[in-house]
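Read through the structure below, which is laid out as structure tokens, and then see the notes.
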Amino acid sequence: MPKLNPQQQAAVKITEQPLLVLAGAGSGKTRVITEKIAYLVNKGLAARHIAALTFTNKAAREMKSRVEKLLDGQQSRGLRVSTFHSLGLDILRREHKILDYKSAITLFDESDKKTLLKNLINQGIAHCDIDEVDRYATQIGAWKNGFITPEQALTDSEKLDYDAALLYQHYNRNLKAYNAVDFDDLILLPVLLFKHAPETLEKWQNKIRYLLVDEYQDTNITQYELVRLLAGNLGRFTVVGDDDQSIYAWRGAQPENLSQLQTDYPRLKVIKLEQNYRSMGRILKVANQLIANNPHTFEKRLWSELGYGDVLKVLTHKDEQTEAQQIVSELIHHKFHQGGRYHDYAILYRGNYQSRLFEHCLRENNIPYFISGSTSFFSYTEVKDVMGYLRLLVNQEDDAAFLRVVNTPRREIGPTTLEKLGAYANERQISLFNACSELGLSQKLPEKAVIRLKKFCDWTMKTAELIERENNFETIDTMLTEIGYEQWLKENSKTPEAAKRQQKNVTDLVGWLKKMGTSEDAAEADKSLSEVVSKVMLLDILERQEEDEVEEQVSLMTLHAAKGLEFPHVFLIGMEENLLPHQNSIENDNIEEERRLAYVGITRAQRSCTFSYCTHRKRYGEVFETKPSRFLDELPAEDLEWTAKNPVDPKKVKERGKSSLAHLKTMLS
DNA sequence: TTATCCAAGATTTTT
DNA sequence: TCTTGGATAA
């Protein structure tokens with residue numbers, strides 16, 4: 001392992017003042033964080049007093065394993081490397097009493113959120129249009145990410161959003177009644193808690209004495225607030241970020257948080273990492289020139305010692321079909337000439353749907369490939385069903401879970417029954433589950449329906465007790481057999497294969513749950529079912545599964561998913577106006593973020609980066625004419641080779657080889 | 001209450 | 001093009 005360069009070393013050693021590390025793409029920021037943790041531990045700060053925060057589970061896992069290589073097992077004991085969200089969950093779990101939550105907190109995912117909002121709208125809360133739930137869901141999320149409570153939203157917002165704010169208020173009250181929180185609450189509630197209970201904050205500040213934050217440019221206002229609170233006045237923290245790689249503004253990320261630090265912490269030290277250890281010079285030159293079109297608060301220029309490299313190709317195709325075919329054949333040729341491996345290649349795109357054709361094409365050519373994060377494990381209905389059951393068993397107030405499973409498999413409890421039950425529960429301000437055993441219900445519903453509901457509730461109670469008593473995850477199997485879930489899958493899937501696959505997902509899920517339940521992490525003791533259930537909701541599982549599959553496979557993923565990764569050879573496809581930059585971003589005048597997205601894509605490449613665009617593309621099933629992306633025009637023409645515009649001339653190829661060699665020499669001297 | 005069919009509508013990124 | 005949701009029929 002090469003030595004740290006002077007800037008990196010400085011970043012590791014500054015521990016007595018708040019530190020901002022501006023780390024360009026490929027400049028070894030993860031290394032700085034991991035080395036710094038090791039440095040702190042070696043200096044005598046116990047690992048259990050250090051916390052490193054990331055945005056993805058993957059990043060957390062990677063970081064953790066790298067730290068563990070630097071320290072021996074004893075030393076890294078108690079070290080906290082986790083996502084913001086799991087830290088939040090942890091805080092909530094331990095401090096639930098202060099927030100007046102019961103211990104088994106349920107985590108609502110995006111679809112639970114929407115279902116609840118729909119219900120509220122249907123109940124006539126505020127004058128909201130049911131067709132706009134998506135908008136309301138986003139708005140409420142934005143408020144939570146922006147550290148705005150319903151009360152503030154109600155007073156601040158214009159008439160236009162007044163109803164949304166009202167909805168927000170009711171939504172929160174309902175969540176509370178269900179003893180549930182949503183993703184955004186995992187950050188927001190701890191912050192509110194810390195603001196209102198200084199002694200609790202102090203306890204946590206004492207627990208976490210040094211804080212490191214990865215991808216700091218992705219923090220939103222609430223997350224920054226959390227960082228500030230935890231870091232306290234001493235400002236014992238290091239944040240690492242790159243404003244040029246901020247691509248999550250749509251999710252509330254505030255790259256301004258980078259410069260905000262300077263105001264909030266006058267003693268802040270700033271270090272720039274500009275040496276890139278990933279890409280060849282020409283790739284960096286192209287990337288630098290592209291991103292120079294964006295305004296900057298911190299100027300930064302990446303350079304590398306890895307040689308200059310070949311021109312970047314730009315391929316033109318007549319439609320997306322040919323794009324896929326030609327890219328795949330280009331990839332095959334390239335691999336043949338270079339003698340590389342499939343996992344050296346990545347195909348990056350703007351939207352997930354673009355992967356389809358490529359998948360097809362790769363399969364036809366018998367090329368192994370791997371798609372990262374297209375359909376999340378948790379969007380599979382069978383997984384949601386099983387999770388729904390578990391959630392209900394852990395927390396009977398969880399209406400979302402109740403609605404999900406009450407009639408799956410069929411129990412002859414249809415929408416009419418549920419609607420009446422819902423109205424009744426709402427009137428009495430109790431959960432659906434509790435409403436089932438109320439005597440007054442028989443006045444609203446026919447005898448038969450009440451009996452069916454009662455039967456379901458009795459079964460739930462019985463099973464919940466069983467699980468609590470035995471504290472044994474094997475009970476999950478018993479439960480699944482009892483409800484005949486396997487049978488139901490068989491009857492309800494289109495093909496026997498689909499049923500088999502679904503069954504496998506269920507067994508996998510249950511298997512993981514069991515494993516997590518029995519102290520998979522040596523540091524932690526056995527977990528209760530409720531802990532496991534909410535932990536699992538944070539998507540830990542899916543990503544773990546992905547991990548085993550990256551060998552000898554071409555990677556396909558969105559530009560967003562590619563952040564933090566690197567590949568020797570990158571194909572950046574669909575470089576078209578309205579696609580990258582995406583139409584919505586053009587309309588909302590947010591080209592800069594799209595440019596950063598392109599920048600992220602280019603800077604993934606180590607040795608070669610190939611662009612492609614189509615002249616025609618099918619959208620909504622109709623063929624449209626398309627134009628090459630404006631970003632291609634922003635790149636230095638001398639470093640690009642447009643294969644269609646100027647067919648390759650063998651003479652030129654030679655010249656180019658010479659000139660790049662010359663360039664290399666000047667760079668090295 | 002459930003199943004099926006047809007039409008309309010949506011396509012960005014996700015912890 | 002594909003998915004989702006609504007309406008209608010059994």
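The basis for the numbers below is simple: all heavy atoms, side chains too, and nothing from hydrogens, waters or symmetry mates. From a predicted model like this one, the values you see are computed outputs, not experimental measurements. Proteins get letters first, then strands, A, B, ... in listed order; numbering begins at 1 in each.
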Could you tell me the separation between the [atom1] atom of [X] and the [atom2] atom of [N], rounded to a whole number of Å?
X        : N      : atom1 : atom2 : result
A:Gln354 : B:dA10 : CD    : P     : 20 Å
A:Arg135 : B:dA10 : CZ    : C1'   : 18 Å
A:Phe108 : B:dT14 : CZ    : C1'   : 19 Å
A:Lys618 : B:dA10 : NZ    : C1'   : 16 Å
A:Leu186 : B:dT14 : CG    : C1'   : 14 Å
A:Tyr216 : B:dT15 : OH    : P     : 21 Å
A:Ile187 : B:dT14 : CD1   : P     : 18 Å
A:Glu110 : B:dT14 : CD    : P     : 12 Å

Salt bridge flag under 4.0 Å for residues [X] and [Y]:
X        : Y        : result
A:Arg94  : A:Asp90  : yes
A:Asp214 : A:Lys29  : yes
A:Lys384 : A:Asp109 : yes
A:Lys563 : A:Glu215 : yes
A:Lys618 : A:Glu320 : no
A:Arg391 : A:Asp399 : no

Select base, sugar-phosphate, or nothing to describe what [X] touches, counting heavy atoms under 4.0 Å on all strands.
X        : result
A:Thr417 : sugar-phosphate
A:Arg596 : nothing
A:Arg410 : sugar-phosphate

* Range on DNA chain C touched by chain A, heavy atoms, distance below 4.0 Å -> C:dT1 to C:dC2
* Asked: Out of curiosity, A:Phe237 CZ to A:Leu230 CG, how far, rounded to the nearest 0.5 Å?
  -> 11.5 Å
Taking only the side-chain nitrogens and oxygens of [X], find out if one of them lies under 4.0 Å from OP1 or OP2 of [N].
X        : N      : value
A:Thr558 : B:dT14 : yes
A:Asn407 : B:dT2  : yes
A:Asn352 : B:dT13 : yes

* Structure fact -> 5'-most contact on DNA chain B (nearest-nucleotide basis), A:Thr83 vs A:Asp134, goes to A:Asp134
* **Comparing A:Leu418 and A:Leu597 on DNA chain B - which has the more 5′ nearest nucleotide** => A:Leu418
* **Nearest listed nucleotide, side chain of A:His560, among B:dA3, B:dT15, B:dT14** => B:dT14
* Asked: According to the 5.5 Å centroid and 30° plane-angle thresholds, does A:Phe84 stack upon the nucleobase of B:dT15?
  -> no
* Residue that, paired with A:Trp143, satisfies ring pair (Phe, Tyr, Trp, His ring centres under 6.0 Å) out of A:Tyr168, A:Tyr136, A:Tyr171 -> A:Tyr168
